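Reviewing the structure listed below.
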Amino acid sequence: MAAANLKWPPVLALLLVAPMVGIASAGNIAVYWGQNGNEGTLADACNSGNYAYVLISFLTTFGNGQTPVLNLAGHCNPSSGGCTGLSSDIQTCQSLGIKVLLSLGGAGGNYGLSSTDDANSVADYLWTNYLGGNTGSGPLGAAVLDGIDFDIENGQSAHYDDLANALKAKGSMLLTAAPQCPYPDASLGPALQTGQFDNVWIQFYNNPGCEYANGDDSNLVSAWSTWTSSVNIAGSFYLGLPASTAAAGSGYIQPSDLTGTVIPAIQGIGKYGGIMLWSRFYDVQNNYSGQVKCCV
Ligand SMILES: *[C@@H]1O[C@H](CO)[C@@H](O)[C@H](O)[C@H]1NC(C)=O
């Protein structure tokens with residue numbers, strides 16, 4: 001009896017280790033937060049335990065000599081200094097190991113870069129207001145963000161390569177980007193050729209030609225192969241998805257299809273890092289990240 005008891009613990013240990021190996025190799029989840037006042041606080045998002053990256057969205061106005069404008073919808077009003085309280089939320093997130101980035105652009109907004117000098121000015125502005133050069137008077141208070149996300153969607157690609165180069169020349173930071181799945185991206189194509197980006201979350205939604213539809217992942221897999229073999233990045237590629245059917249016009253993938261079919265199909269192709277979700281608001285409604293985080 002004693003011998004049998006001694007034999008069991010190693011077997012149990014193996015049974016416990018096997019699933020943990022799976023968890024250790026699982027992907028991360030990135031989420032956009034900021035465009036809906038009813039999505040809960042930034043600290044709530046981070047305390048959910050579901051995300052590795054939170055992308056504060058968006059800096060909707062910048063470039064062309066304009067004074068940059070942060071837009072956080074109903075969360076707070078940066079023009080009156082109303083968003084500086086987010087510093088403590090950002091620090092909460094960072095203390096949990098979550099990377100917090102500022103996202104530039106978005107589907108709306110008024111942004112564009114007119115020259116290399118203009119790109120350098122925007123880089124200076126971002127460095128002194130949101131990054132390592134922030135002395136405490138930035139729109140989000142004293143917090144130092146982990147990096148900058150490029151969600152450029154207006155088809156104007158000029159000088160974002162200059163902006164990426166200028167930012168990385170200033171100091172240590174993450175650079176990420178959210179191109180649409182048709183390759184190359186109309187707005188981010190040249191920037192992504194700089195080799196300056198860490199993670200790239202590709203938007204596999206509102207793009208019927210390259211997204212998952214009706215159980216068919218062939219267009220998505222084909223686009224994933226093109227992206228991962230055409231763009232050199234330091235980090236990983238993420239599958240960008242709507243967090244609910246209401247979050248995008250098309251491209252929603254049922255959690256079971258995602259974890260059972262789509263992830264297995266792309267995981268082996270190369271540089272897979274996880275999924276990106278638009279957005280925290282829709283994720284709260286649908287608990288998408290909660291349903292899939294075990295298995296992405
Ligand atoms: C989200 O789904 C997961 C997995 O089914 C579940 O454990 C969790 O309780 C859910 N969270 C919410 C807020 O419903």
Side-chain angles (χ1 to χ4, degrees), residues 12 15-57 72-76 85-86 88-101 103 149 178 199 201-206 211-215 217 220 236-268 272-296:
L12 285 174
L15 289 173
L16 289 169
V17 164
M20 286 177 70
V21 170
I23 290 166
S25 65
N28 292 317
I29 302 179
V31 71
Y32 282 88
W33 175 94
Q35 282 299 296
N36 193 310
N38 297 318
E39 66 198 328
T41 67
L42 180 60
D44 287 345
C46 292
N47 285 324
S48 74
N50 290 355
Y51 313 116
Y53 297 90
V54 177
L55 310 159
I56 295 179
S57 47
L72 294 179
H75 286 288
C76 54
L86 279 173
S88 63
D89 285 42
I90 292 164
Q91 282 151 6
T92 297
C93 296
Q94 290 171 332
S95 72
L96 294 167
I98 298 164
K99 304 295 185 193
V100 185
L101 290 81
S103 186
D149 177 60
N199 294 332
W201 1 88
I202 306 163
Q203 297 186 43
F204 283 91
Y205 47 95
N206 298 328
E211 64 197 28
Y212 183 81
N214 307 316
D217 67 7
L220 183 151
S236 306
F237 290 92
Y238 283 62
L239 188 62
L241 298 173
S244 75
T245 53
S250 61
Y252 180 71
I253 305 180
Q254 292 293 340
S256 57
D257 287 359
L258 178 72
T259 58
T261 303
V262 179
I263 302 280
I266 61 170
Q267 224 162 9
Y272 168 80
I275 66 169
M276 170 274 275
L277 295 177
W278 177 265
S279 62
R280 170 64 179 164
F281 174 76
Y282 296 103
D283 197 25
V284 169
Q285 307 292 305
N286 195 31
N287 190 24
Y288 195 82
S289 61
Q291 295 180 73
V292 304
K293 73 170 174 179
C294 64
C295 313
V296 298

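No experiment lies behind these values; they were computed from the predicted model shown. Each ligand, and each atom within it, is numbered from 1 in the order the structure gives.
For atom 14 (O) of ligand 1, a protein heavy-atom neighbour is present inside the 4.0 Å cut-off. Checking atom 2 (O) of ligand 1 against the protein gives a heavy-atom contact under 4.0 Å. In this structure, atom 5 (O) of ligand 1 is not in close contact with the protein, since no protein heavy atom lies within 4.0 Å of it.
The side chain to side chain donor-acceptor pair (under 3.5 Å) search around Asp44 returns Thr41, not counting sequence neighbours. With sequence neighbours left out, Lys293 forms a side-chain contact (heavy atoms from CB on, under 4.5 Å) with Ile29, Asn50.
Between Asn286, Asn50, Asn287, it is Asn287 that holds the heavy atom closest to atom 11 (N) of ligand 1.
For Tyr252 and Tyr288, the ring centers are positioned less than 6.0 Å apart.
Looking at Tyr282 and Asn36, their side chains never bring a donor and an acceptor atom within 3.5 Å of each other.
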